[in-house]
Undergrad: 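One structure coming up, written as structure tokens, with questions to follow.
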2 protein chains.
Amino acid sequence: MNKPITLADVARRAGTSTAVVSYVINDGPRPVAAATRERVLAAAAELGYRPNRIARALRSRTTGVVGLILANALNPYFGALAEHVEQALAEHDRLMLIGNAGYSAERQRHLVERFLAAQVDALVIVSADADDDVARHAERAGVPAVYLHNGPVAGRAPVVAADNEHAVREAVAHLRAHGHHDLAFLAGPDDAGPVGLRRRTWQDSAAPGAVALRSTYSRADADALTRRLIAGGAMPRALITATDEQAVGVLAGACAAGLAVPADLAVISLDGTPGSAHTAPALTVTRQPVAAMARQAVGLLFGQAAPAPAPRATLITRRSCGCDPR
Amino acid sequence: MNKPITLADVARRAGTSTAVVSYVINDGPRPVAAATRERVLAAAAELGYRPNRIARALRSRTTGVVGLILANALNPYFGALAEHVEQALAEHDRLMLIGNAGYSAERQRHLVERFLAAQVDALVIVSADADDDVARHAERAGVPAVYLHNGPVAGRAPVVAADNEHAVREAVAHLRAHGHHDLAFLAGPDDAGPVGLRRRTWQDSAAPGAVALRSTYSRADADALTRRLIAGGAMPRALITATDEQAVGVLAGACAAGLAVPADLAVISLDGTPGSAHTAPALTVTRQPVAAMARQAVGLLFGQAAPAPAPRATLITRRSCGCDPR
DNA sequence: CTGAAAGCGCTTACAG
DNA sequence: CTGAAAGCGCTTACAG
């Protein structure tokens, strides 16, 4: 509660001006004599000086804070993305403000406004709605923005996404190698974003005539759908799920209905979150390169990375496709 | 990129002073004549004025930002907590800075310093290490802090936790009602924090002589432990797991080793995250009142809630204990 | 009810 | 290499 030490306090103690103290603390932009620098550093240390970032932000128009907007914070795939964004940001000595859109375009817009009002230096958007180019608001305010995983294709802001087609082709090839010819696909509620791309790739490469199964991205919905399909005798023998959350729901539904995975149903999921290694049975997945994606997005924000080729997922074979690691 | 509108711009346009504009924008602290207020509001709207929060923060020494430190952001239980904290904060019109300690006391200390330097108005700490009373640093800086779920018992900052003993007793009673006498317990790596309390409650109420099983809070570890126990013929018939992550690992290990849940092994977990409803088989849990906990913690920060009784978990029976909802 | 002005703690031309 | 000073955009006593 004791009043904080300011630059002026340090300057007084070191017998110099605030300008010089600032130069020492920030290592620039002007040189300082070695002896003076020592005195300043000593004074700062003795006083326990900590710069007031708010004052610095007001003056230099940069807060050191980046906003992350998440389509849905409770989905572990997005959680993993957030985690890697935080790490990449920490390496740039930036703090992360987080907001959860909960799959709502309106909440997403609201968050963008709030974050801009908070004077974030930049925005990373894992969009809840690829049709709504919210990055425009940031652009208008002169704040750089980048979409991660999902964003409007026609917008001005860059979109960092994985090579979704590649992942699907890996899954298709692997299931075929297991001898499956009819490959079903559990898509999202609509064909927006990366999941739409995954659905279309499956269609083109594996099942031109088939119609995709659909559910929301919640475990509950995929679980319920699975039970319904099994009850109606309409469950396919081999299934690719667009996301891990859906795969987990499928496993739950199959278990509840007494259907054996992989004996009666082979499953491959396309996210590959860490949790997929410990389902019952363990999920075969294409593991999306979330760390690389996060790093690329943050790099773009700090002008360090040129637009790079989309990172590719790796196929991780486990039990659910019919492989048996034992 | 066009230069932002300031208070002064609005004042000029409305033909008044910046003081009056400020009074209008903030609805106080001085009254303003209705006519003047109208002019100001009109000018602000026409200009598209948005207050600069940084300047406001420097002057009023309050940023509208609260820091949340998470023991481990990738654990869905903590994720759910974070989600509810964000919601409670949004209701108070506060933004949330988030940091992940990754179970490291050192990273946690570092985050506290970073957040204090960023001038957060308050701190919510889901502590990675109950022995390290990091809230003291905040207190010294005059920043209110509250621990959530886990924190030092002897510290000055309040700790908001659920009634852990109650949850354990519910689980014990339910397993007994299923006819189980020997109840094993999967605890954490040590007895710190809420999990320690859960372990001791199990010990006292169900198995005074027994020794608890232990693993870290990762699915991988609980999975591996389970396989080892099964391979060694040492798997108990009824198990309470301290956390959902461990329960999920147990289910995965049991499935991999061909052990049937609940026929050969009954399981109850003590977190009750949303995901527990869709495991294979579905987990019976005591659902911790995370929303109430988050709300209580945030309430304490804003001086709205007196220390309240610890919220209690509810038992949700599903398949893994031997109940069959069908 | 309103206005002129100080000041929050920094950064950065500018002058020396 | 260093210092005196302006100014970032607000809020808030203070005087009227």
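Each chain gets a letter, A, B and so on, in the order the sequences are listed, and its residues count up from 1.
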Undergrad: Heavy-atom count check: over 12 atoms from other residues, nucleotides or ligands less than 6.0 Å from A:Glu106 CD?
TA: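 Not more than 12 within 6.0 Å, no.
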
Undergrad: Starting from P on C:dA6, measure out to CG on B:Leu58 and report it in whole angstrom.
TA: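 Interatomic distance, CG of B:Leu58 to P of C:dA6: 17 Å.
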
Undergrad: Tell me the interatomic distance from B:Ile54, atom CD1, to D:dG9, atom P, rounded to whole angstroms.
TA: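 So the two atoms are 12 Å apart, to the nearest Å.
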
Undergrad: Taking any strand in view, what nucleotide pairs with C:dA4 in a Watson-Crick or G-U wobble way, both distances under 3.5 Å?
TA: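 With both distances under 3.5 Å required, C:dA4 matches none.
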
Undergrad: Where the side chain of B:Val32 is concerned, which of C:dC10, C:dT2, C:dG9 is the nearest nucleotide?
TA: C:dT2

Undergrad: Determine the interatomic distance between P on D:dG9 and the same-named atom on D:dA13; round to the nearest Å.
TA: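 Going atom to atom, P in each nucleotide, I get 23 Å.
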
Undergrad: With rounding to the closest Å, how many angstrom separate the P atoms on D:dC14 and D:dC10?
TA: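 Their P atoms lie roughly 24 Å apart.
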
Undergrad: If I take atom CG in residue B:Leu7 and atom P in nucleotide D:dC8, what distance separates them, rounded to the nearest angstrom?
TA: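 B:Leu7 atom CG is separated from D:dC8 atom P by 13 Å.
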
Undergrad: Go through the side-chain N and O atoms of A:Ser60 and A:Thr62 and say whether any donor and acceptor fall under 3.5 Å apart.
TA: no

Undergrad: What integer distance in Å separates A:Ile5:CD1 from C:dC10:P?
TA: 10 Å

Undergrad: Relative to the 5' end of DNA chain C, which residue comes earlier, A:Arg53 or B:Gly15, by the nucleotide with the nearest heavy atom?
TA: B:Gly15

Undergrad: Indicate yes or no: does A:Arg61 engage A:Asp121 in a salt bridge with an N to O separation below 4.0 Å.
TA: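 No, A:Arg61 and A:Asp121 are not salt-bridged.
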
Undergrad: Measure from CG on A:Asn52 to P on C:dC8 and round the result to the nearest Å.
TA: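 The distance from CG of A:Asn52 to P of C:dC8 comes to 12 Å, rounded to the nearest Å.
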
Undergrad: Just how far, in rounded Å, is C1' of D:dG9 from CD1 of B:Ile25?
TA: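 Distance check: B:Ile25 CD1 to D:dG9 C1' gives 13 Å.
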
Undergrad: Using whole Å, what does the distance between atom C1' of nucleotide D:dC8 and atom CD of A:Gln119 come to?
TA: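 Spelled out: CD on A:Gln119 to C1' on D:dC8 is 11 Å.
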
Undergrad: Kindly say whether A:Met293 contributes a backbone atom to a donor-acceptor pair with the side chain of A:Arg295 at under 3.5 angstrom?
TA: no

Undergrad: Between D:dC1 and A:Thr36, is there an OP1 or OP2 to side-chain N/O distance shorter than 4.0 Å?
TA: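 So the side chain of A:Thr36 is outside the cut-off, no N or O lying under 4.0 Å from OP1 or OP2 of D:dC1.
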
Undergrad: Out of A:Thr6, A:Thr36, A:Thr16, which residue meets the side-chain contact (heavy atoms from CB on, under 4.5 Å) rule with A:Val21?
TA: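 Going through the options one by one, the only one that passes is A:Thr16.
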
Undergrad: Report yes if at least one side-chain N or O of A:Ser17 is closer than 4.0 Å to OP1 or OP2 of D:dG3; otherwise report no.
TA: yes

Undergrad: D:dT2 C1' sits how many Å from A:Arg12 CZ, rounded?
TA: 18 Å

Undergrad: When you check the gap from the basic side-chain N to the acidic O, do A:Asp129 and A:Arg109 get nearer than 4.0 Å?
TA: no

Undergrad: Say we look at C:dT12 and C:dG16: how far apart would their C1' atoms be, to the nearest angstrom?
TA: 16 Å

Undergrad: Is a side-chain N or O of B:Arg107 found less than 3.5 angstrom from the main chain of B:Asn100, in a donor-acceptor match?
TA: yes

Undergrad: Counting only Watson-Crick or G-U wobble pairs whose two distances fall under 3.5 Å, which nucleotide matches D:dA13?
TA: none

Undergrad: Would you tabulate the nitrogen or oxygen pairs shorter than 3.5 Å linking the protein to nucleotides 12-16 of chain C?
TA:
{"residue": "C:dA13", "atom": "N6", "partner": "A:Tyr23", "partner atom": "OH", "Å": "3.0"}

Undergrad: Measuring to OP1 and OP2 of D:dG9, would you say a side-chain N or O of A:Arg61 lies under 4.0 angstrom away?
TA: yes

